[in-house]
Amino acid sequence: MSSPQLALSFDPSVVVLSYLTAVFASYVALDLAPRVRTPDRAAARAWWLAGSLSMGTGVWAMHFVGMMALQLPFSVGYEADTTFISWLAAVAVSLIALRVAAQDGLTLPRLAVGALSMGAGICAMHYIGMAALVLNPPIRWHWGLIAASVLIAVAASAAALVIFFWLRHLSAGQARWAQWGAALVMGAAIVGMHYTGMAAAGVDAQSVCVSSGGLGGDNLSTLIAAATGGLLLLTLLTSAVDARARRHSARLQQSLQAAKEELQQQALRDRLTGLAHRELLDDRLRHALSRAGRDGSRVALLLVNLDGFKPINDSFGHAVGDRLLREVGQRLQAQARAHDTVARLGADEFVLLLEGDVDETLLAQIAQRLLDALAQPLEGVLPAGHAPLSLSAALGIAVYPSGEGDAQLLAQADSAAQSVKRGGGNGFAFFEAHMQADVRDQVELARDLRAALAAGGDDQLALHYQPKVEAGSREICGVEALLRWQHPQRGPVSPGVFIPVAERFGLISPLGDWVIDEACRQLAAWRAQGLQLRVAINLSVQQLRQPDPLVQRLDQGLRQYGLEAGRLTCEITESAAMDDAAAIEATLHRLAGLGLQLSIDDFGTGYSSLAYLRRLPVCQLKVDRSFVQDLESSADARAIVKAVIELAHALGLKVVAEGVETEGQAQVLRHKGCDELQGYLFARPMPAEALARWARGAAENAPSFRASSYLDGL
Ligand code: C2E
Ligand code: MG
Ligand code: MG
């Protein structure tokens, strides 16, 4: 029979001390946990080990002080080695706790394993610690209460982990208070577990403490509490210093990042206008397109190409030019919305990048607003004494998605702007498929053509000549020079392809100059061989728009080779002649003034008015091939050709039919009174030597070719 049990009593002040120790240890633990997560692995490891030591000591001290609060009627002591093992258990618990706290998130398995192992560690610490108190007769345990204390330990551990992960989501200010609150709760849980565990111990009233020679004494609890408090305080301080240093370096890093971004921004800005420049635009465009690809929104590019900037820059100097461009940049920016990108591409080219709900109506409105903004008089840009400038521009618009592919939005907007330019500028146009079936291809062609011209042209460029014959006699009465380009990789490229490219990319003028020069040289060479021919060259509308260099070049060619101007004919398409009537008319008069013959090419495809044609100093109409083709099959075509011939004759013009391929067509044309014929029926375009052979052969062999006055010296 055992003797009666002692009713356990505790020293309240020591209980309070143990609770405070628990709260403080909890607070330090919560403070430490984030340190273990620092990206610096060595620092994280150091924090983990040192933190576990200090936290473990804190938890153990709470437990030990709590044991000291137990008031027994006999003097007690604790076995030193067992006590040491219980301390080890406390440190192990801390190692587990901080390890789990260092994870990215708290999953259920993590919580379960963490809470169970921490709970087990706490119980181990507690009951090993109790085992250091050796009594005789030994303590009799109350298993129900032990189970309750185990449950509390596991629950307290789980709560601690949940609280820790919850704290992470709070702002710094909130977290500090929440951390204290959490420490109070955790402290209570730990103390609760501890005293439940104590309550499970049944101590016999007759007990003797066998270990009374061990650790003990009245002041021990105070000493341990003070030492632990000091340790914890030290840890907390270190933690605070570390946090400060980290915040400081984070701030430094942040401002460094900001400075870097600022620098990058500056590098991506156009120096003169402060607008985005090419790379930034490309970047924004790429992002805009991928966004649009994802969410089905639209992207639009408006390319603004100023009219007449170069002459202003040339005559007033760069300072004025720069001021003007800055002003233009500001005006465009003022018209843009906050999230639009305004960029400067080249000298006088600007781009507006729009995203979102941009339909054609809105774009047309924006384009018009931009044009209106530019048209406002520019005060103070030109030197005093000059009337304020008013600007205009050619504006090209390309939209994604449009079914025309996406990657070439800029080139598409450019070709739309070029179409406006060709029409004289000051306006806007949307990109259309026909403007550039394959934009990229054209860019490459332009690059290669530019290179060919830079190398002198002669390697890759050549003129081929196609005879024109008199309709009745079929004797040669002239040739048309047709430009050929032998591309080093692509082989022959059709003029129908590269002439528009040259026009779009500003190459028509050097190309046209090459043609003029080559035709004049060939005329002189043939003349030297005794072959007196008349050569027709084709002129582009863009050449006609710049009359000065054109007239100068023609004049120079004629003089250099000592040619009679009447031997050179200029073919101008009907649509070119109609392009900008007044200006073209003036140019044509200047050409005629040189003594050149003028011919309207592709007649019937444009909408020229008779009254206008009468005013032009032309002497020849070339009926377009499309009418000639249908002559044998279509009565309408015959009627039209007949009317054209009569009309031309009434105006005193000669008529040439081009694209004559069959004898039947030739018969009809001759019957209708057509003057000259040109086409595959007689000869294809051919190189100069072949043409000379052909002309001589035709004169000698074919009975239908009379010995010609054009073939002197044979
Ligand atoms: P175009 O001035 O109307 O030239 C006549 C075109 O019809 C030439 O095509 C010629 O080879 C082709 N042709 C001639 N006879 C026949 C025929 O019986 N049947 C068919 N189906 N076609 C025939 P090409 O050489 O391809 O030149 C196309 C256009 O390119 C020319 O039309 C002209 O507008 C332009 N071009 C050619 N050379 C130059 C040049 O030096 N400068 C400029 N600005 N344009 C040029
Ligand atoms: Mg022609
Ligand atoms: Mg033609």
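Just so you know, ligand 1 is whichever comes first in the structure, and atom 1 is the first atom listed for that ligand. A quick note: this is a predicted structure, and the numbers were derived from the prediction, not measured.
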Novice: If you measure from atom 16 (C) of ligand 1 to every heavy atom of Tyr680, Trp485, Phe682, which option wins on shortest distance?
Specialist: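 Among Tyr680, Trp485, Phe682, the closest heavy atom to atom 16 (C) of ligand 1 belongs to Tyr680.
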
Novice: Considering non-hydrogen atoms of the protein only, which is the closest contact for atom 10 (C) of ligand 1, and what is the distance?
Specialist: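 Heavy-atom neighbour on the protein nearest atom 10 (C) of ligand 1: Leu482 CD1, 3.7 Å.
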
Novice: Taking Gly456's backbone N and O only, do any of them form a donor-acceptor pair with Trp514's side chain (distance below 3.5 Å, no angle check)?
Specialist: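 Confirmed, Trp514 side chain pairs with Gly456 backbone.
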
Novice: In Å and rounded to the nearest 0.5 Å, what is the NZ to CD1 distance from Lys622 to Ile600?
Specialist: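 One finds 11.5 Å between NZ of Lys622 and CD1 of Ile600.
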
Novice: For atom 23 (C) of ligand 1, state whether the nearest protein heavy atom is under 4.0 Å away.
Specialist: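 When distances to the protein are checked, atom 23 (C) of ligand 1 has a heavy atom within 4.0 Å.
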
Novice: Determine whether Trp526 and Val479 make a side-chain contact, defined as any pair of heavy atoms from C-beta on separated by less than 4.5 Å.
Specialist: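 Sidechains of Val479 and Trp526: in contact.
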
Novice: Can you measure from CG (Leu554) to CD1 (Ile516) and round to the nearest 0.5 angstrom?
Specialist: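 One gets 4.0 Å once the value is rounded to the nearest 0.5 Å.
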
Novice: How about atom 32 (O) of ligand 1: does it have a protein heavy atom within less than 4.0 Å?
Specialist: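 No; the ligand atom in question lacks any protein heavy-atom contact below 4.0 Å.
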
Novice: Quick check for you: to the nearest 0.5 Å, what is the distance between Thr587 atom OG1 and Asp548 atom CG?
Specialist: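 If I round to the nearest 0.5 Å, the distance is 8.5 Å.
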
Novice: So for Gln678, does at least one of its heavy atoms come nearer than 4.0 angstrom to any atom of ligand 1?
Specialist: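 No, Gln678 has no heavy atoms under 4.0 Å from ligand 1.
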
Novice: Does the side chain of Asp517 come within less than 4.5 Å of Gln560's, by heavy atoms?
Specialist: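 Yes, their side chains come closer than 4.5 Å.
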
Novice: Just go through Glu658, Arg625, Gln629 and tell me whose heavy atom is the nearest to atom 7 (O) of ligand 1.
Specialist: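 Selected option, by shortest heavy-atom distance: Arg625.
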
Novice: Between ligand 1 and Ile499, can you find any atom pair, the residue atom being a heavy atom, that is separated by under 4.0 Å?
Specialist: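 So Ile499 counts as touching ligand 1.
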
Novice: Below 4.0 angstrom from a heavy atom of Glu661, which ligand 1 atoms are there? Numbered from 1 as shown, please.
Specialist: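 Contacts of ligand 1 toward Glu661, numbered from 1: 17 (C), 18 (O), 19 (N), 20 (C), 21 (N).
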
Novice: If you have a sec, work out which protein heavy atom is nearest atom 38 (N) of ligand 1 and how many Å separate them, to one decimal?
Specialist: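 Minimum-distance protein heavy atom for atom 38 (N) of ligand 1 reads Leu483 N, 3.0 Å.
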
Novice: Does the side chain of Leu409 reach to within under 4.5 Å of the side chain of Gln412, using non-hydrogen atoms?
Specialist: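 A side-chain contact under 4.5 Å exists here.
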
Novice: Got a sec: is Glu658 within less than 2.8 Å of the Mg ion (ligand 2) via an N/O/S atom?
Specialist: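 So Glu658 does not count as coordinating the Mg ion (ligand 2).
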
Novice: How about Gln522 and Tyr465: do any of their side-chain heavy atoms sit closer than 4.5 Å?
Specialist: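 Side chain of Gln522 against side chain of Tyr465, heavy atoms only: contact under 4.5 Å found.
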
Novice: Please test Ser392 against Asp307 for side chain to side chain donor-acceptor pair (under 3.5 Å), starting from the C-alpha separation and ending with a verdict.
Specialist: CA-CA 6 Å; Ser392 67; Asp307 295 333; 2.6 Å; yes

Novice: Look at Asp624 and state whether any of its N, O or S atoms is less than 2.8 Å from the Mg ion (ligand 3).
Specialist: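 Asp624 does not place any N, O or S atom closer than 2.8 Å to the Mg ion (ligand 3).
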
Novice: Residue-level breakdown please: for Val515 versus ligand 1, do any non-hydrogen atoms fall below 4.0 Å on the side chain, on the backbone, on both, or on neither?
Specialist: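 Side chain only.
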
Novice: In the structure I gave you, are the side-chain heavy atoms of Leu332 and Leu275 within less than 4.5 Å of one another anywhere?
Specialist: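 No, side chains not in contact.
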
Novice: At under 4.0 Å between heavy atoms, which part of Asp602 makes contact with ligand 1: side chain, backbone, both or neither?
Specialist: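 Side chain only; the backbone of Asp602 stays clear of ligand 1.
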
Novice: From the Mg ion (ligand 2) out to just under 2.8 Å, does an N/O/S atom of Ser599 turn up?
Specialist: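 Of the N, O and S atoms in Ser599, none lies under 2.8 Å from the Mg ion (ligand 2), which means no.
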
Novice: Distance under 4.0 Å to a non-hydrogen atom of Leu539: what atoms of ligand 1 satisfy this?
Specialist: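 By the 4.0 Å cutoff, the relevant atoms are 44 (N).
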
Novice: So, Arg484 and Glu518, do they make that salt bridge, N to O below 4.0 Å?
Specialist: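 Salt bridge: no.
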
Novice: Between Glu689 and Arg693, does any NZ, NE, NH1 or NH2 come within less than 4.0 Å of an OD or OE carboxylate oxygen?
Specialist: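 No, Arg693 and Glu689 are not salt-bridged.
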
Novice: Please determine if Glu676 and Arg534 form a salt bridge, counting it only when a charged side-chain N lies under 4.0 Å from a carboxylate O.
Specialist: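 Result for this pair is no, no salt bridge flagged.
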
Novice: At a non-hydrogen distance cut-off of under 4.0 Å, which region of Gln466 contacts ligand 1 (side chain, backbone, both, or neither)?
Specialist: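 Looking at Gln466 and ligand 1, just side chain atoms fall under 4.0 Å.
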
Novice: Salt bridge check: are Arg559 and Asp555 linked by an N-O gap of less than 4.0 Å?
Specialist: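 Looking at Arg559 and Asp555, the cut-off is met.
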
Novice: I'd like the atom name of the N/O/S atom in Asp601 lying closest to the Mg ion (ligand 2).
Specialist: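 Result for Asp601 and the Mg ion (ligand 2): OD2.
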
Novice: Take every heavy atom of Glu480, measure it against each atom of ligand 1, and state whether any distance is under 4.0 Å.
Specialist: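 True for this residue.
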
Novice: Write the atom name of the N, O or S atom in Glu480 that is nearest the Mg ion (ligand 2).
Specialist: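 Going by distance to the Mg ion (ligand 2), the closest N, O or S atom in Glu480 is OE2.
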
Novice: Check this for me, if you would: do Arg527 and Glu564 make a salt bridge, where the nitrogen-to-carboxylate-oxygen distance has to be below 4.0 angstrom?
Specialist: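 Here Arg527 does not pair with Glu564 in a salt bridge, since their nearest N and O are not under 4.0 Å apart.
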
Novice: Calculate the angle formed at the Mg ion (ligand 2) by OD1 in Asn538 and OE1 in Glu571; 10° precision is enough.
Specialist: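 About 90°, to the nearest ten degrees.
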
Novice: Taking only heavy atoms of Gly679 into account, list the atoms of ligand 1 that are under 4.0 Å away from them.
Specialist: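 The atoms of ligand 1 under 4.0 Å from a heavy atom of Gly679 are 15 (N), 18 (O).
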
Novice: Tell me, please, if Asp602 has any N/O/S atom, main chain or side chain, under 2.8 Å from the Mg ion (ligand 3)?
Specialist: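 Coordinating: yes.
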
Novice: I want to confirm something. Looking only at heavy atoms, which of Leu681, Asp601, Asp624, Thr662 is nearest to atom 2 (O) of ligand 1?
Specialist: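 Ranked by closest heavy atom to atom 2 (O) of ligand 1, first place is Asp601.
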
Novice: Which ligand 1 atoms does Pro495 reach within 4.0 Å, using its non-hydrogen atoms?
Specialist: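 Here the atoms of ligand 1 in question are 24 (P), 25 (O), 26 (O), 27 (O), 28 (C), 30 (O), 37 (C).
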
Novice: Looking only at protein heavy atoms, which one is nearest to atom 42 (N) of ligand 1, and how far off is it?
Specialist: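 So the nearest neighbour among protein heavy atoms is Asn538 O, 3.1 Å.
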
Novice: Rounded to the nearest 0.5 Å, how far apart are CG of Leu363 and CZ of Arg298?
Specialist: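 Answer rounded to 0.5 Å: 7.5 Å.
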
Novice: Which bit of Leu463 gets closer than 4.0 Å to ligand 1, counting heavy atoms only: side chain, backbone, both or neither?
Specialist: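 None of Leu463 does.
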
Novice: Specify whether the nearest protein heavy atom to atom 4 (O) of ligand 1 is under 4.0 angstrom away.
Specialist: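 It does; a protein heavy atom is within 4.0 Å.
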
Novice: Between ligand 1 and Arg484, can you find any atom pair, the residue atom being a heavy atom, that is separated by under 4.0 Å?
Specialist: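 In this structure, Arg484 qualifies as a contact of ligand 1 - some heavy atom is under 4.0 Å.
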
Novice: Do the non-hydrogen side-chain atoms of Leu596 and Leu558 ever get within less than 4.5 Å of each other?
Specialist: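 Result yes, sub-4.5 Å side-chain heavy-atom pair found.
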
Novice: What atoms of ligand 1 come closer than 4.0 angstrom to any heavy atom of Pro685?
Specialist: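 Those of ligand 1 that fall under 4.0 Å from Pro685 are 11 (O).
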
